[in-house]
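Just below is one structure, and these are the notes that go with it.
Proteins get letters first, then strands, A, B, ... in listed order; numbering begins at 1 in each.
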Amino acid sequence: MTKLMMIDGNNLIYRAFYGITAPLQTADGRPTNAVYGFMLMLLRLLQDEKPTHILVTFDAGKVTFRHETFSEYKAGRQKTPPELSTQFPLLKELIEALGIKQYELANYEADDIMGTLARLADEQECETIIVSGDQDVLQLASAHVRINLLKGKGVGDVLPHGPEQIMERFGLTPLQIIDLKGLMGDSSDNIPGVPGVGEKTALKLLHEYGSVENLLENTDKLKGKLKERIEDNKESALLSKKLATIFREVPLPLEWDELAYGGADREAAVPVLRQLQFNSLIEKIPYADGEDGAETDEDPFAEPAPKAADRPPLDVRIADEDTLGELAEFLPRVSVIHAETHGDNPHHAELVGLMLHGEERYDYVPFELLKSPQAAPILEWLEDPEAPKNGYDLHRLDLVLHWHGIAFAGAAFDSQLAAYLIDPTETATNVSGLAVKYELPALTEDDEVYGRGAKFAWPEAETLAAHSARKAEAIEAIIPKQRELLERFEMNRLFFELEMPLSRILADMEKQGIAVNPEDLEKLGGEFEIEIKRLQSEIYAHAGMEFNINSTRQLGEILFDKLGLPAKKKTKTGYSTDAKVLEELAPQHEIVQIILQYRQLAKLQSTYIEGLLKEIRPETRKVHTYYRQALTATGRLSSQYPNLQNIPIRLEEGRKIRKAFVPSEPGWTILAADYSQIELRVLAHISDDAGLKDAFLHDMDIHTKTAMDVFGVTREEVDSNMRRSAKAVNFGIVYGISDYGLSQNLGITRAEAANFIEQYFAVFQGVQQYMHDIVEEAKKDGFVKTMLERRRYLPEIHAKNFALRSFAERTAMNTPIQGTAADIIKLAMVQVDAVLNERGLKSRMLLQVHDELVFEVPEDELELMKTLVPETMEGALKLSVPLKADVSFGANWYEAK
DNA sequence: CAATTCACG
DNA sequence: ACGTACGTGAATTGA
């Protein structure tokens with residue numbers, strides 16, 4: 001069975017452009033939203049229709065044979081926006097890479113090509129689907145040709161139109177669609193039609209007279225204004241009909257076999273998708289059918305993409321017990337190390353082997369071999385801090401080796417960290433992605449070597465070694481390019497003196513872990529459980545029925561349909577039931593407050609009691625988080641498996657969780673030190689605002705001081721409400737203020753919020769100047785920087801879309817502040833670590849929570865640490881205002897507050 | 001797998 | 001008129 005699908009490429013890319021508003025772009029800032037939307041649609045069509053032959057047609061150039069008939073054809077059309085026109089070559093490249101035939105022909109439009117092919121297909125009784133958003137193509141429908149008309153705007157669903165559906169919808173045959181256009185005209189193509197005749201009138205006339213020609217012969221039967229209009233526009237109607245007629249005799253040099261499609265060529269498609277940063281689509285590309293797809297592989301039009309297998313083979317060796325001795329001698333010349341591992345959590349990941357690459361050699365060492373006595377020199381080399389190692393994500397490698405009983409040291413250049421500094425919003429998450437970014441030959445994806453999800457299986461050593469060698473080869477090629485960029489961006493100190501040393505410190509903290517008492521959690525969980533049960537039954541009683549309170553849908557039905565409470569806010573999928581909404585509803589029905597309490601406890605129970613219990617290692621009673629050092633856009637760390645940066649503190653019930661976090665040795669103490677107002681202090685420094693600096697130089701309560709200045713009152717006159725407002729304004733300033741955001745936060749009107757902001761800027765003029773200047777800087781450079789030269793690109797600063805541009809502007813204001821604060825605590829960590837080592841202290845740094853460091857400290861070091869830690873933190877970076885760190889300690893993290 | 005909600009700084 | 005506060009991770013529901 002053959003099935004031909006033809007796609008109006010121009011039409012689809014336009015709809016995708018206006019339908020997908022997400023700010024998608026390539027690494028170098030070219031927009032890709034339309035290409036993305038096109039791909040989504042294409043993938044859906046492939047899945048739904050499973051065509052055996054495909055053609056994507058485009059309009060070639062501006063002028064067609066229709067202009068000879070009517071020079072004004074398509075006149076007055078808006079010029080294609082440049083953000084879209086740049087996407088045409090990207091789309092065409094992608095279609096080619098997917099192995100799909102595309103065609104355009106001078107003087108003809110996409111419609112004409114499709115019409116001609118549809119005629120041929122119809123004659124051969126070949127099932128044919130035409131995809132477009134343009135109603136014109138409905139004229140092509142026939143017994144074998146169906147039109148999938150795009151619904152609404154954007155690239156959502158399609159409405160299939162055969163002759164029956166057209167009859168049902170318009171009461172017309174497909175060919176009468178041409179008459180319809182002749183009468184109605186088409187403003188987008190500048191086809192005039194008959195002025196004053198729209199769809200309704202045109203349909204009425206056609207139902208009566210059948211065709212434009214017949215209508216014109218019978219104008220005497222019409223009356224009034226309509227008769228006048230039609231008689232006055234006879235020629236226009238006939239011309240319009242001619243223009244709307246799709247030409248079905250285009251000379252096509254296409255061969256049927258050229259259109260055959262047997263599934264995507266992933267080898268060719270994946271690199272292109274990566275370049276477009278469509279990482280999420282990669283898994284959605286269906287594999288070519290290996291057996292019967294063979295004949296479609298010989299597409300003469302498709303440019304052969306560079307394939308890993310086509311390149312000269314590498315000198316890959318698989319080590320065994322006999323060759324380990326020789327390999328040991330080679331170690332000093334190893335430049336890149338790469339581990340083949342499996343699993344997201346590095347504390348639990350499997351390790352199957354190591355690739356050691358230097359000069360032209362690639363040595364693969366199966367993990368098992370490292371246990372043999374002959375491997376001792378390799379283990380020594382691995383843990384030698386003086387033996388430098390380069391690689392991709394050495395932090396992770398360190399952890400995986402650690403849990404396999406192997407020590408690691410000497411990380412010199414981590415390509416993942418370099419990539420992160422060069423562009424922290426970089427989406428490349430593995431070596432393959434990086435290879436694409438640096439324009440190296442494509443690598444085979446890990447998924448293709450290993451299989452994904454349940455299908456995962458380690459391949460044989462030869463396959464693994466070859467795959468690993470290609471990655472090591474790529475890393476080797478990427479590093480010099482990164483060195484150059486780091487140099488050019490003046491990031492050498494940030495990289496070599498901050499991020500690289502920090503990476504080892506983080507690994508140490510993670511390996512150390514923090515002790516958590518499961519008994520404490522279980523006891524607290526038991527109390528929560530009783531309360532949750534009680535709240536649950538109260539909720540059921542109030543609702544008059546049982547339902548799943550955790551289901552927002554069911555909860556919404558109960559609150560807003562059954563109990564009739566007023567819906568405040570809608571989400572994409574129904575009623576919103578978030579805490580803000582519920583708090584507004586609380587006065588209206590008793591059940592609401594109970595639901596809020598239930599939500600709070602359910603969250604504590606599932607995430608922090610049950611979730612944390614699962615992460616405790618029974619042998620050591622410790623949890624080991626994993627800090628992602630190359631993830632956030634601002635330079636902060638993030639914490640996973642478990643996240644120890646969001647342990648409850650704001651509400652007392654949750655705060656009790658912290659009692660379970662204890663020292664791992666008897667007699668020791670938990671000590672915590674946190675920066676006070678670090679972001680506002682950074683702002684004071686960066687903005688050089690006199691008032692803000694003065695406030696910190698005198699160590700004033702910054703929110704009270706802000707309230708005094710904004711409201712023009714004395715210290716004594718500042719009430720709690722004024723301080724609260726001032727605090728919200730200060731937060732807003734750090735986030736990149738907007739009146740709307742502040743109004744939402746304070747529950748005041750936008751005008752009132754705008755007034756606050758105006759007052760604030762009148763007082764803190766240096767801050768106002770900074771906010772202005774930083775946005776200008778972002779516009780000029782395309783990025784903003786922190787004090788330590790960390791950068792973040794903001795391409796959307798130029799967006800025409802207000803929301804996108806505003807977001808970029810707020811980000812420009814916030815990132816240097818949040819990012820510099822992140823720089824500072826990272827500096828402090830490196831310095832604290834150095835001091836602990838220099839002094840030979842036993843105290844250990846365990847956690848970082850953005851502005852806080854947590855340690856465990858033996859009795860005899862407590863007094864020292866109480867001054868050493870805050871002093872080091874305060875001296876981490878010299879600003880024009882003092883940094884301040886508060887320290888506290890206790891038997892557990894709850895007490896160290 | 002997306003959407004919703006909520007925990008933290 | 002537009003429509004969000006900045007930065008994260010995890011659990012749950014319901015396709």
Measure from the side-chain heavy atoms of [X] and tell me the nearest of [options].
X: A:T571; options: C:dC6, B:dA7, B:dT5; answer: B:dT5
X: A:Q818; options: C:dG7, C:dG9, C:dG3; answer: C:dG7
X: A:P648; options: C:dA11, C:dC6, B:dC8; answer: B:dC8
X: A:S738; options: C:dG9, C:dT4, B:dT4; answer: C:dT4
X: A:T573; options: B:dT5, C:dA5, B:dT4; answer: B:dT4
X: A:T811; options: B:dG9, B:dA7, C:dC6; answer: C:dC6
X: A:R810; options: C:dC6, B:dG9, B:dA7; answer: C:dC6
X: A:T632; options: B:dG9, C:dA10, C:dG7; answer: C:dG7
X: A:N814; options: C:dC6, C:dT13, B:dA7; answer: C:dC6
X: A:T552; options: B:dT4, C:dG9, C:dT13; answer: B:dT4

- Message: Could you tell me how far C:dC2 sits from B:dC6 if I compare only their P atoms? Round to whole Å.
- Response: 27 Å
- Given the P atoms of B:dT5 and C:dA5, what is the spacing between them in whole Å? 13 Å
- Query: Relative to the ring of A:Y641, is the ring of A:Y626 parallel (under 30°), tilted (30 to 60°) or perpendicular (over 60°)?
  - Reply: parallel
Name the nucleic acid region contacted by [X], choosing base, sugar-phosphate or nothing; use a 4.0 angstrom heavy-atom cut-off, strictly under.
X: A:I649; result: sugar-phosphate
X: A:A822; result: nothing
X: A:V734; result: nothing
X: A:N550; result: sugar-phosphate
X: A:A633; result: sugar-phosphate
X: A:G732; result: base
X: A:F807; result: sugar-phosphate
X: A:I817; result: nothing
X: A:L604; result: nothing
X: A:S806; result: nothing
X: A:A728; result: base

Determine whether a donor-acceptor pair (N or O, by modelled atom type, separation under 3.5 Å) exists between the side chain of [X] and the backbone of [Y].
X: A:N814; Y: A:V734; answer: yes
X: A:T32; Y: A:Y36; answer: no
X: A:D689; Y: A:G766; answer: yes

How close or far is atom [atom2] of [N] from atom [atom1] of [X], stated in whole angstroms?
X: A:Y735; N: C:dG7; atom1: OH; atom2: C1'; result: 8 Å
X: A:L555; N: C:dG14; atom1: CG; atom2: P; result: 11 Å
X: A:L559; N: B:dT5; atom1: CG; atom2: P; result: 12 Å
X: A:Q536; N: C:dT12; atom1: CD; atom2: P; result: 14 Å
X: A:L601; N: B:dT5; atom1: CG; atom2: C1'; result: 15 Å
X: A:K572; N: C:dT13; atom1: NZ; atom2: C1'; result: 16 Å
X: A:I825; N: B:dC8; atom1: CD1; atom2: C1'; result: 14 Å
X: A:Y627; N: B:dC8; atom1: OH; atom2: P; result: 16 Å

- Hey, is A:Y740 doing a stacking thing with C:dT4, by the 5.5 Å centroid and 30° angle criteria? yes
- Item | Any side-chain donor near an acceptor of the partner, A:E679 and A:Q818, under 3.5 Å | no
Is the distance from OP1 or OP2 of [N] to the nearest side-chain N or O of [X] less than 4.0 Å?
X: A:S576; N: B:dT5; result: yes
X: A:R636; N: B:dG9; result: no
X: A:R553; N: C:dA15; result: yes
X: A:K603; N: B:dA7; result: no
X: A:R792; N: C:dG7; result: yes
X: A:R655; N: B:dA7; result: no
X: A:Q554; N: C:dG14; result: yes
X: A:N548; N: C:dT12; result: no
X: A:T577; N: B:dT5; result: yes

- Message: Between the base of B:dG9 and the side chain of A:R650, is one N or O donor paired with an acceptor at under 3.5 angstrom?
- Response: yes
- Under a 3.5 Å limit on both distances, the Watson-Crick or wobble mate of B:dA7 is C:dT8
- Test side-chain hydrogen bond (donor to acceptor under 3.5 Å, both in side chains), reference A:Q605, set A:E529, A:E610, A:Q600, A:E531, output is A:E529
- Task: Go through the steps to decide whether A:L683 and A:M771 satisfy the test side chain to side chain contact (heavy atoms under 4.5 Å, CB included), and finish with yes or no.
- Result: CA-CA 10 Å; A:L683 175 63; A:M771 295 297 171; 4.3 Å; yes
- Message: Taking A:R396 first and then A:E510, would you say they form a salt bridge - that is, a charged N and a carboxylate O separated by under 4.0 Å?
- Response: no
- Any side-chain heavy atom of A:V767 sitting closer than 4.5 Å to one from A:Y760? yes
